[in-house]
Amino acid sequence: ARSSSTHEFNKGLEWLTRYGYLPQPDPRAARLQTREELASAIKTMQRFAGLPTTGELDKKTLDMMNKPRCSLPDIIGTSELMRRRRRRR
Amino acid sequence: YALSDSIWKKTDLTWNVRSFPRASQLSQEHIRNIIYYALRAWSNASALIFREGSSEQADILVDFTQSYHQDSYPFDGPGGTLAHAFFPGEHPISGDTHFDDEEMWIYDPENNFQGRGTDLFAVAVHEFGHALGLSHSSAKESIMIPYYQGPVGLPHQYQLPLDDVMGIEQLYGKRRLGSHPDQNGPQLPPPTAPPIPDFPPYQPTYGPRLLSPDRCKAHFDAIANIRGEVFFFKEKHFWRMQPARNLVSLEPAQILRFWNGLPQDFKAIDAVYERANDSQIVFFIGSYYWVFTDTLVNPGYPRPSSDLGLPPGTVIGAAFVWPHNGKTYLLEKDQYWRYDDQLGHVEPGYPKPVALWKGVPPDLDDVTRWNDGNTYFFKDTQYWRFTAGNVESDASYPLSTAQDWMYCQGPHTSSPSAPRRGEGGMCLCGGTS
């Protein structure tokens, strides 16, 4: 059971990074995510997806992460070709 | 709605479908028709006008592609990511829209095929939103929500949700009075014709994954030491052994998902080696060869093996660099050539009989070096070791490839299902642990 939840956690981290909720790893420096930073990223993702904002990788969140989707990030940072500034009306 | 910081500086844009799905039941006409209507959704709600243009010159190039496709955003096979598009701009790729060719693209306006495919029209409308400068929206009713929500109805009747209309209007203004994008549209598909042909019968073309071969049966097609790791190729898969002698995974990877540029329909790789002079990687299949820089094939390949100075039609079955002298050897059945990587040509006086290496049979599967400085010859289920520059195999060989390289329990067993302790006390772990 532990192996399965670790796998899901790692997949969740990878997903949050891929879609812009967590910063890309910096190849020049080892970096450890804080628990608060992770919970905040999960909450942002949950708000964006219209889920309850628990800040945890719960079943609804993991199910949403498994849904087919567009491969552009939701929060785009400094990606060269796809960068954008997020503006809200 | 959410805007990117990119916008087209013109409102008259061209589009072209540069490549079509390889296995979809949708015809090319049908695809173009769907793309036309997906763009029309945006032109109906703004001052934009779209015309079908010629390939390469078009502002929005549509491609159906898979895996790594040279834009740093590889697709991931069926499910997961479906498509992406590049925001407007001056870069050649700006506006281009890519669909994962490994999805089951269908036309399903009435959602009759629930879960058995992805409606191309719904995804295309979303992606063109990006190509025009919109980002993902968190509004559930927006077409720009990042998650696939299923079909959105008939293309010729489709109207953008208000959120998206306001977004596109902010970028390009309202639709001009008197301008009707239909009249400025392409000749094909005719907008007045019945919108979309009937969807053909459902016939799945992709299984969940390719059936992978059993590593414990050995009989590898090709084996090569590349950058210190040994790759074992069999049919359309490969296993990868790291310098610490652990397999990256007991499950093989698909060759075409890692090595980009080999033909899709190849049956097996005959030989592979890493060139000593420039570390480029050479693949032999039949009487042709491909040269790779890392995992990407170089332009101009394949070339016939005769370009290397070999007799026309030569099928190289084994290739390796002999660490004793740094020379490259190319083997075909019971004969071999010595090849000069610097000159790009075989040396004079060849072929010679493979019998130079004593103790091994002809028609080897492949030969490679290991990081211990020794060279290993493989055939069927067995391997032979040649220490340093010896041309006679070490005593007590051949041994079992499956046992010693693939960590299988016996010479003729199937893959072990449970983790076990490997050679030299190394722990072998199953898939996810």
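Chain identifiers are assigned alphabetically (A, B, ...) following the order of the sequence lines, protein sequences preceding nucleic acid strands; residue numbering begins at 1 within each chain.
Of all the heavy atoms in A:Phe48 and B:Ser138, the pair that sits closest is O-CB, 3.4 Å. Summarising the geometry of A:Asp74 relative to B:His136, their closest heavy-atom pair is OD1-ND1, 2.8 Å, with the distance given to 0.1 Å.
For B:Gln242, the CD atom counts as densely surrounded, since its 6.0 Å shell holds more than 12 non-hydrogen atoms of other residues, nucleotides or ligands. Enclosure of atom OH in B:Tyr68 is not indicated, since only 12 or fewer non-hydrogen atoms of other residues, nucleotides or ligands lie within 6.0 angstrom.
Atom SG of A:Cys70 and atom NE2 of B:His84 lie 8.5 Å apart (nearest 0.5 Å).
When each of B:Val123, B:Thr81, B:Thr118 is checked for heavy-atom pairs under 4.5 Å with chain A, B:Thr81 comes out on top.
Classification of the A:Trp15-B:Tyr147 ring pair by plane angle, with boundaries at 30° and 60°, yields parallel.
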Next on the checklist: With side-chain contact (heavy atoms from CB on, under 4.5 Å) as the criterion, how do B:Gln149 and A:Lys67 come out once you've worked through the C-alpha distance, each side chain's angles and the decisive distance to 0.1 Å?
Outcome noted: CA-CA 9 Å; B:Gln149 308 276 65; A:Lys67 278 189 82 166; 3.5 Å; yes
Item to check | A:Leu72/B:Phe87 under side-chain contact (heavy atoms from CB on, under 4.5 Å): CA gap, chis, key distance, verdict | outcome: CA-CA 10 Å; A:Leu72 255 72; B:Phe87 293 128; 3.6 Å; yes
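Although no hydrogens or angles enter the test, the distance criterion places a donor-acceptor pair under 3.5 Å between the side chain of A:Ser71 and the main chain of B:Ala83.
Using a 4.5 Å cut-off between heavy atoms, A:Met64 contacts chain B through both its backbone and its side chain. Interface remark: B:His98 contributes no atoms to any contact with chain A (heavy atom separation under 4.5 Å).
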